[in-house]
Amino acid sequence: MIDLRTDTITQPTAAMRRAIAEAVVGDEQKREDPTVIALEERGAELLGHEEAVFVPTATMANQIALRTLTEPGDEVIADGAAHVFRYELGGPAVHSGLVMKSLETEDGRFTAVQVREAVSESGDLHMAPTRLVCVENTHNGGGGRVWPLGQVREVTTEARSHGLATHLDGARLLNAVVAGGVPAAEYGREFDTVSLCLSKGLGCPLGALIAGSQERMAKARRLKHLFGGAMRQAGIVASAGLHALDHHVERLADDHANARRLAEGLVEAGMPVDLEQVETNFVLLDVGALGLGADDAVTRLRAGGILLSYATRADVLRAVTHLDVSAQDVERAIELVPRALTGSPVSELAGPAPTPY
Ligand SMILES: Cc1ncc(COP(=O)(O)O)c(C=O)c1O
């Protein structure tokens with residue numbers, strides 16, 4: 001089975017497992033774990049901020065950031081398919097009492113004008129005051145799209161002109177960095193807080209970082225503890241993070257090259273893939289254009305030996321390349337996908353319907 005559902009399914013490499021086994025650890029909650037401290041220092045520098053905090057997941061990093069930057073009753077603006085809005089269980093409402101105002105975009109990237117038009121009138125006593133703008137880079141729902149630094153600056157400048165705070169969901173920021181050549185700190189400095197996930201393209205078993213000013217990170221650390229994320233010998237996993245920052249960043253270019261090759265091979269085989277969408281490690285496959293529903297297509301692909309997952313848009317599937325997908329897997333996928341999608345009716349395929357996530 002070739003598993004292209006997502007980049008969160010990677011196994012730690014043998015070298016990463018060695019780094020984990022050899023980690024020097026301490027009680028992280030007491031700030032006595034040297035490996036966590038080293039990762040936090042490294043993360044702060046990488047992301048262009050004074051301080052970083054190590055947390056178990058990117059969801060927690062985002063939710064802590066939102067709570068750090070807002071008060072209950074505030075309004076937060078993001079793209080409608082942003083992970084913070086769509087895939088974090090309504091966390092902004094539950095954890096921080098926020099009102100969510102979504103912007104409509106093609107691919108997750110919005111403009112300064114959209115921000116300007118979305119900001120609530122200041123001084124209107126009946127409206128939730130707009131307080132925060134969230135950008136996601138790369139944008140998962142948009143198909144792994146990279147925000148150009150210029151567009152980020154227009155949006156953050158507009159946000160600041162209204163007195164708004166800014167958060168970057170950089171779960172896959174290093175994919176954007178490797179694809180576009182803009183240093184992570186250049187992106188990071190545009191925002192009040194930045195999150196980075198270690199368990200996606202970077203291949204760690206778990207972990208994420210949130211970065212910002214010392215003052216904000218003091219608050220973030222308190223919230224981390226409040227949310228139950230203050231750990232003990234967490235250097236065991238932080239060591240994987242340090243290993244990944246040393247060894248798994250530049251290789252993201254391989255994932256991007258594999259995604260590009262997959263997309264081009266599928267287009268040559270007559271599959272509905274928009275090559276312009278493929279900027280990083282995501283390939284969107286418009287199975288609706290083949291007259292198939294997403295469920296049918298996923299079932300056919302599984303029967304044909306390949307796993308894809310649902311994308312945000314209806315009847316579009318997503319193939320994601322990662323550390324455990326080789327160039328040979330991609331060549332095989334280029335053969336298997338068209339065969340599975342243009343073969344026999346789905347009712348004749350064996351096996352139960354798969355769970356795509
Ligand atoms: C853009 C983005 N942000 C945050 C997250 C949350 O990561 P996790 O589910 O590991 O907490 C994800 C996960 O897919 C994501 O794609």
Side-chain angles (χ1 to χ4, degrees), residues 3-10 12 43 47 53-67 76 78-92 94-95 100 102 105 107-110 132-147 152 166-177 179 184 187-188 191 193-211 220 223-224 227-229 231 234 237-238 240-241 244 252 255 259 279-284 308-313 318-323 356-357:
D3 197 341
L4 297 172
R5 285 170 303 163
T6 172
D7 49 8
T8 60
I9 55 172
T10 54
L47 299 171
V53 178
F54 181 53
V55 291
T57 67
T59 299
M60 191 186 281
N62 281 339
Q63 295 302 324
I64 287 175
L66 265 53
R67 176 86 171 251
V76 50
D79 160 67
H83 201 277
V84 279
F85 278 0
R86 201 130 162 192
Y87 304 112
E88 298 185 13
L89 298 99
V94 175
H95 300 302
M100 298 177 261
S102 57
T105 71
D107 54 24
R109 297 177 290 200
F110 50 85
L132 173 65
V133 176
C134 286
V135 165
E136 186 177 312
N137 189 20
T138 63
H139 198 281
N140 177 346
R145 306 304 288 262
V146 178
W147 277 71
V152 166
T166 53
H167 171 63
L168 172 60
D169 176 352
R172 295 186 181 80
L173 181 62
L174 296 181
N175 290 88
V177 165
Y187 278 122
F191 296 88
T193 53
V194 186
S195 57
L196 172 74
C197 188
L198 299 165
S199 65
K200 299 194 167 68
L202 294 178
C204 296
L206 61 99
L209 289 161
I210 165 175
L223 291 169
K224 165 182 161 173
F227 286 4
M231 297 170 277
V237 274
L252 291 171
D255 296 344
E279 295 180 345
T280 57
N281 60 329
F282 285 50
V283 177
L284 298 185
L308 263 60
S309 61
Y310 298 122
T312 305
R313 272 185 289 135
R318 187 181 81 157
V320 183
T321 55
H322 51 77
L323 192 57
Y357 296 111

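Start at 1 and go down the list; that is how both ligands and their atoms are numbered.
- For the 3.5 Å distance criterion, the side chains of Arg318 and Asn140 qualify, holding a donor opposite an acceptor.
- Side-chain rings of His95 and Phe227 approach one another, their centers coming within less than 6.0 Å.
- In terms of polar-atom proximity, defined here as any N/O pair under 3.5 Å, Asp169 does make such a contact with ligand 1.
- For atom 1 (C) of ligand 1, the nearest non-hydrogen atom of the protein is Glu136 OE2, 3.2 Å.
- Looking at Thr59 next to ligand 1, an N or O pair under 3.5 Å apart turns up.
- With no hydrogens or angles considered, no side-chain donor-acceptor pair links His139 and Asp107 at under 3.5 Å.
- For atom 14 (O) of ligand 1, the nearest protein heavy atom (residue, atom name, distance) is Lys200 CE, 3.1 Å.
- Summary of contacts: the protein heavy atom closest to atom 15 (C) of ligand 1 is His83 CD2, 3.2 Å.
- Residue Glu88 has at least one heavy-atom neighbour below 4.0 Å for each of these atoms of ligand 1: 4 (C).
- Ion pairing between a basic and an acidic side chain is recognised when a charged N comes within 4.0 Å of a carboxylate O; Arg172 and Asp7 show such pairing.
- Using a 4.0 Å cut-off to heavy atoms of Asn62, the atoms of ligand 1 that qualify are 3 (N), 4 (C).
- Residues His83 and Glu136 have side chains that never bring a donor and an acceptor to within less than 3.5 angstrom of each other.
- No side-chain donor from either of Thr10 and His322 sits under 3.5 Å from a side-chain acceptor of the other.
- The shortest N or O to N or O distance between Asn140 and ligand 1 is under 3.5 Å.
- Considering backbone and side-chain atoms together, Thr138 places no N or O closer than 3.5 Å to any N or O of ligand 1.
- Residue-level proximity to ligand 1 for Ala58 is carried by backbone and side chain together, each with a heavy atom below 4.0 angstrom.
- A donor-acceptor pair under 3.5 Å links the side-chain atoms of Thr321 to the main chain of Asp255, judged by distance alone.
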